[in-house]
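Note that this is a predicted model, so its numbers are computed, not measured.
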Amino acid sequence: VNLGNPGTQPAVTKMSTLYDVVVVGGGLSGLIAARHLSRMGHCVLVLEARNRVGGRTCTEHGIDVGGAYIGPGQDRMYELVREFQLETYRVRDEGLNVQEIHGKRGEYTGFIPPLGLLALLDTHLALSRMQRDCERIDCAQPWLSAEAERLDGITAESYFRDELFFGEQAKLLGDICVRAILSAEPRDVSALFWLTYLRSSHGLEYLGRATDGAQQDRVTGGTQQISERLAKAITSSGCGTVRLCTEVVHIEQLSYASSSSSLSSLFSSSSSSSSSSSSSSSSSSSDASLVRIHCVDSSSDPTCTSASSSSTPTLSFTARRCIVAIPPPLAQRVRFSPPLPYARHMLLGRMPLGSVIKTITVYARAFWRPRYSGQLVCDAGPLSVTYDDCTTEHAALMGFIQGKDAYEWAQRTVAERQQAVCAQYARMFENPEALECEQFIEKNWSLERYSDGCYVGLCPPGVLTSFGHALREPFNLVHWAGTETSEIFQGYMEGAVRAGERAAAEVSHSLTNETL
């Protein structure tokens, strides 16, 4: 893995290697695509803006502050765990769960929190109707599903209140589900997107469960290890390079004439980015034969929370194909020459990520055991949902501050958030020991410049039916990966892996056809 230091290079340095593929983004999706292509013998370069690989997975001192959970059906992730000889352990699911809705605390087991008889009936009927609607969704092309226009024309909030739930208590439970699963509010996403997300991931109950659900297992030592080992496999293959601290700012597709002259000057480092841009400004997307990726040094911001000091490219790479494997808001910051097709441009500008602050609160002992599982559901915040986060190294609770609560609590100090989280644990688990923690760890993903939120790009009303068809559609030499583009387990690590596999297959097929 090459950290590089483009800042010490001349004003613009054009690297001499002609790559088969440049992958933009060193998260799971980009690394999987690069690994697959390097195994096929293609010369691959991965460009990552951060000073680490892993994207929205991040392990700090053995603690996952990013994506952490895997569950049954997520076969690609379990295959990677086995391949790299890692181990998993079960998330604790024994004991009572706790819920607090409208200030009323209750204890329960199973999936549905304690509700009154009418609210319980309301919830069961609503879940049945929602499951029926989910089964009518085509995950590959949700915009062509039955009633797609109607469902994409309303928010999930309207869908809950007008079509599913009757009682207020059950409606609040629906709001909590959206907040917990998407880190957003029901008003932020269309009903079609919500149903598509559920359909792609085995349904609401699967997504909310630990045992037999999406939160069943953790990777011992953290999930970022998978990305680190993928990067090592790429660089040791003899066909791949992973370059960190290199932010892509411009992706330029060269016409046949331009690329011919580009090949002849590839080994020259005196070209300016402005002249290369002007030479391709008249290129149409239909006659491009090479792609040049222009970058800046991003090593000056190790926290990845501030804007780059300069957007003027200092380094460029040339390839036959490019895979963009970064979240939609980040892809929107990249300049494309020629410009992106209208639908793709509009799509990138309309897929914000959710807002979440992940917290890990470490205690001297697991005071909630054995009576409680460590899982709670709350509508008042700051935490929406929590899980037992104990390992052999520490006793801890993991909790998410999400959606509107993340907007509010992001404006407070770390000390204030710690105090509020500990007070919530003390109230919910009825134990004053929760007030005194040994360590409070948090990660506000909305402040991460190279993530812009978590877990997934969201689609407000009208987006899927208007621009969804561009989600995976290549732009001539540019292909798309990332968990948002997966038809299965969209938003999850599993989805990122599957999207990387698909993009690699597309590119390999395209390159093979080009040489025939």
Tell me if a side-chain donor or acceptor on S190 pairs with a main-chain N or O of P461 at a distance below 3.5 Å.
no
Between E48 and G26 (side chain of the first, backbone of the second, donor and acceptor by atom type, cut-off under 3.5 Å), is there such a pair?
yes
Heavy atoms of A34 and V44 approach each other most closely as CB-CG1, 3.7 Å
Side chains of T465 and D152: donor-acceptor distance under 3.5 Å anywhere?
yes
Just verifying a value: how many Å separate L28 CG and L230 CG, rounded to the nearest 0.5 Å?
6.5 Å
Nearest-0.5 Å distance, OG of residue S451 to CG of residue L330:
7.0 Å
In the structure I gave you, are the side-chain heavy atoms of I63 and I441 within less than 4.5 Å of one another anywhere?
yes
I would like to know whether T312 and V296 meet side-chain contact (heavy atoms from CB on, under 4.5 Å); could you show each step before the answer?
CA-CA 7 Å; T312 303; V296 297; 5.7 Å; no
Name the orientation class of the two ring planes belonging to H250 and H294 (parallel below 30°, tilted from 30 to 60°, perpendicular beyond 60°).
parallel
Rounded to the nearest 0.5 Å, how far does OG1 of T196 lie from CD1 of I137?
4.5 Å
So, N513 side chain and S510 main chain: donor-acceptor pair closer than 3.5 Å or not?
no
Please tell me if the side chains of T246 and D297 come closer than 4.5 Å, counting only heavy atoms from C-beta onward.
no
Ion pair present between E501 and R35, side-chain N to carboxylate O less than 4.0 angstrom?
no
Does a side-chain N-to-carboxylate-O contact under 4.0 Å join R502 and E487?
no
From I357 CD1 over to D405 CG, what is the distance, rounded to the nearest 0.5 angstrom?
9.5 Å
According to the interplanar angle, ranging from 0 to 90°, do the rings of Y206 and H202 count as parallel (below 30°), tilted (30 to 60°) or perpendicular (above 60°)?
perpendicular
4.5 Å side-chain heavy-atom contact, L511 and R320
yes
Short N-O contact, R150 and E163, less than 4.0 angstrom
yes
Check this for me: E135, atom CD, are more than 12 non-hydrogen atoms of other residues, nucleotides or ligands nearer than 6.0 Å?
yes
With side chains defined as the heavy atoms from C-beta onward, is the minimum distance between E228 and R52 less than 4.5 Å?
no
Please enumerate all residues that pass ring-ring contact (aromatic ring centres under 6.0 Å, His included) together with Y159, with sequence neighbours excluded.
none
Main-chain N/O of T220 paired to E87 side chain as donor or acceptor, under 3.5 Å
no
State, with a plain yes or no, whether a side-chain heavy atom of Y455 is found less than 4.5 Å away from one of L182.
no
Exam field: side chain R243 to backbone L47, donor-acceptor pair closer than 3.5 Å
no
Spell out, as yes or no, whether a donor-acceptor pair under 3.5 Å connects the side chain of S237 to the backbone of I234.
yes
Are any non-hydrogen side-chain atoms of L204 and W194 less than 4.5 angstrom apart?
yes
side-chain contact (heavy atoms from CB on, under 4.5 Å) between S446 and S355, worked out:
CA-CA 6 Å; S446 294; S355 299; 3.7 Å; yes
Hey, is K358 close enough to E442 for a salt bridge, meaning N to O under 4.0 Å?
no
Working to the nearest 0.5 Å, report the span between CZ of F317 and SG of C322.
12.0 Å
Quick check: does any side chain N or O of T59 sit under 3.5 Å from a backbone N or O of Q224, one acting as donor and the other as acceptor?
yes
Search all heavy atoms of P72 against all heavy atoms of G213 and return the closest pair with its distance.
CD-O, 3.4 Å
Whether E494 side chain and M77 backbone form a donor-acceptor pair below 3.5 Å:
yes
Partners of Y387 by ring-ring contact (aromatic ring centres under 6.0 Å, His included), sequence neighbours excluded?
Y69
Side-chain donor-acceptor pair present, Q402, S183, cut-off under 3.5 Å:
yes
Residues P186 and D175: closest non-hydrogen pair is CG-OD1, 3.3 Å
Please report the C-alpha distance between V81 and D217 in whole Å, then the side-chain angles of each, then the deciding distance to 0.1 Å, and finally whether the side-chain contact (heavy atoms from CB on, under 4.5 Å) criterion is met.
CA-CA 11 Å; V81 167; D217 293 315; over 6 Å; no
Indicate the atoms forming the closest heavy-atom contact of T485 with W480, along with that distance.
OG1-O, 4.1 Å
To the nearest 0.5 Å, tell me how far N51 CG sits from Y450 OH.
10.0 Å
CD/E79: more than 12 non-hydrogen atoms of other groups inside 6.0 Å
yes
Salt bridge between R218 and D64, side-chain N to carboxylate O under 4.0 Å?
yes
Are E147 and R136 within salt-bridge range, i.e. N to O under 4.0 Å?
yes
For the pair S486 (side chain) and I488 (backbone), establish whether a donor and an acceptor sit closer than 3.5 Å, ignoring hydrogens and angles.
yes
Considering all heavy atoms of both residues, which atom of P329 and which atom of D452 are nearest to each other, and what is their separation?
CB-OD2, 3.3 Å
Under the ring-ring contact (aromatic ring centres under 6.0 Å, His included) test, which residues partner Y492, sequence neighbours left out?
none
ring-ring contact (aromatic ring centres under 6.0 Å, His included) involving H42 - partner list, sequence neighbours excluded:
none
Who are the side chain to side chain contact (heavy atoms under 4.5 Å, CB included) partners of A503, not counting sequence neighbours?
I323, A481
Test your reading of the model: is there a side-chain donor-acceptor pair from T235 to the backbone of K232, 3.5 Å cut-off?
yes
Does a side-chain heavy-atom distance below 4.5 Å link W445 with L447?
no
Go through the steps for R50 and E448 under the test salt bridge (charged side-chain N to carboxylate O under 4.0 Å, His left out), then give the verdict.
CA-CA 10 Å; R50 290 182 172 92; E448 285 277 308; 3.6 Å; yes
Can K443 and E60 be counted as an ion pair, charged N to O under 4.0 angstrom?
yes
Does the side chain of T155 pick up a donor-acceptor pair with the side chain of S158 at under 3.5 Å?
yes
Output side-chain donor-acceptor pairs under 3.5 Å for residues 345-353, partner residues at least two apart or in another chain, one line each.
residue, atom, partner, partner atom, Å
R350, NH1, M346, O, 3.4

Hey, does V478 have a side-chain heavy atom less than 4.5 Å from the side chain of I251?
yes
Do you know the tightest heavy-atom contact between S236 and A233?
OG-O, 3.3 Å
Step-by-step side-chain contact (heavy atoms from CB on, under 4.5 Å) determination, V291 to V22:
CA-CA 9 Å; V291 58; V22 168; over 6 Å; no
Using salt bridge (Lys or Arg N to Asp or Glu O under 4.0 Å) as the criterion, point out the one residue from R56, R472, R498 that pairs with E484.
R56
